Amino acid sequence: MTHTQEALTWRNAFGVATPAPDTAGFQLGLIDEEFTEFLEANAETDEAHTLKELADVVFTAYQFAAAKGWNLDLALTRVFESNMSKLDIDGQPIKDASGKIRKGPGYFEPQLTDLIP
């Protein structure tokens with residue numbers, strides 16, 4: 001099961017409408033709440049707790065996407081492919097003086113507009 005399917009399964013099990021684009025503000029509040037909990041956990045030494053909170057951030061991001069009717073799995077795949085296109089022609093990263101990854105000659109922007117209903 002993909003994470004998008006998991007989000008839809010959760011929404012169905014808990015009776016949450018999908019899509020529900022009018023709930024974007026509510027969903028953003030949940031993401032903000034989970035992100036705050038992640039930051040608090042990260043300040044502690046319990047890495048398992050930090051990982052759990054990070055997973056909650058990602059799960060609420062999937063809930064936001066599901067509410068909007070977006071396929072976040074496919075969007076992430078396209079963003080990954082775009083990020084990989086930053087490599088140079090020899091498959092090596094191009095970095096500036098500060099170590100930031102730069103765009104290679106084959107770089108392309110991810111195409112996501114067809115994923116918006």
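This is a predicted model, so every value here is computed, not measured.
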Would you find a donor on one side and an acceptor on the other, under 3.5 Å apart, between the side chain of Asp96 and the backbone of Ser98?
-> yes

Can you establish whether the number of heavy atoms outside Phe26 located under 6.0 Å from its atom CZ is more than 12?
-> no

What's the spacing between Glu33 CD and Thr60 OG1 if we round to 0.5 Å?
-> 9.0 Å

Which heavy-atom pair separates Ala66 from Ala7 by the least distance, and what is that distance?
-> CB-CB, 4.3 Å

Phe108 versus Glu81: any side-chain heavy-atom pair under 4.5 Å?
-> yes

Taking the side chain from Thr50 and the backbone from Ala41, do they hold a donor-acceptor pair closer than 3.5 Å?
-> yes

So Asn83 and Arg78, side chain to side chain contact (heavy atoms under 4.5 Å, CB included) or not? Walk me through it.
-> CA-CA 9 Å; Asn83 285 337; Arg78 292 181 185 180; over 6 Å; no

Backbone N/O of Gly104 and side chain of Asp88: donor-acceptor pair under 3.5 Å | no

Please assess Tyr62 against Leu76 for the test side chain to side chain contact (heavy atoms under 4.5 Å, CB included), listing each intermediate value before the final yes or no.
-> CA-CA 11 Å; Tyr62 269 90; Leu76 284 169; 3.3 Å; yes

Kindly state each residue pair satisfying side-chain hydrogen bond (donor to acceptor under 3.5 Å, both in side chains) with at least one member in residues 12-32, sequence neighbours excluded.
-> Arg11-Thr18

Point-to-point distance, once rounded to the nearest 0.5 Å, from OG1 of Thr2 to CG of Asp73 | 4.0 Å

Flag yes if Leu112 and Phe64 sit in one hydrophobic cluster, no otherwise; membership is Ile, Leu, Val, Met, Phe, Trp, Tyr, and two members link when side-chain heavy atoms are under 4.5 Å apart.
-> no

Answer yes or no: does atom CD1 of Ile89 have more than 12 heavy-atom neighbours from other residues, nucleotides or ligands under 6.0 Å?
-> no

Working to the nearest 0.5 Å, report the span between NZ of Lys86 and CD1 of Ile101.
-> 8.0 Å

Reported OG-to-CD distance for the pair Ser85 and Glu109, which is rounded to 0.5 angstrom = 8.5 Å

From CG (Leu54) to NE2 (His49), nearest 0.5 Å = 11.5 Å

Does CZ in Phe80 sit with more than 12 non-hydrogen atoms of other residues, nucleotides or ligands closer than 6.0 Å?
-> no

Would you say Trp10 and Leu72 are hydrophobically clustered, going by side-chain heavy atoms of ILVMFWY under 4.5 Å?
-> no

Step through the shown structure and confirm whether more than 12 heavy atoms of other residues, nucleotides or ligands are within 6.0 Å of CD on Glu47.
-> no

Output the distance between atom OH (Tyr107) and atom CG (Leu87), rounded to the nearest 0.5 Å.
-> 12.5 Å

Would Phe38 and Asp56 count as a side chain to side chain contact (heavy atoms under 4.5 Å, CB included) if you check the C-alpha gap in whole Å, the side-chain angles of each, and the deciding distance to 0.1 Å?
-> CA-CA 8 Å; Phe38 165 72; Asp56 281 348; over 6 Å; no

Stepwise, does the side chain to side chain contact (heavy atoms under 4.5 Å, CB included) test hold for Glu34 with Glu53?
-> CA-CA 7 Å; Glu34 294 298 343; Glu53 295 303 337; 3.6 Å; yes

Where Ile94 and Pro105 come nearest, the two heavy atoms and their spacing = CD1-CD, 4.2 Å

With a cut-off of 6.0 Å (strictly less than), are more than 12 heavy atoms of other residues, nucleotides or ligands near CZ of Phe35?
-> no

Determine, using the 4.5 Å side-chain heavy-atom cutoff (strictly less than), whether Val58 and Phe14 are members of one ILVMFWY cluster.
-> no

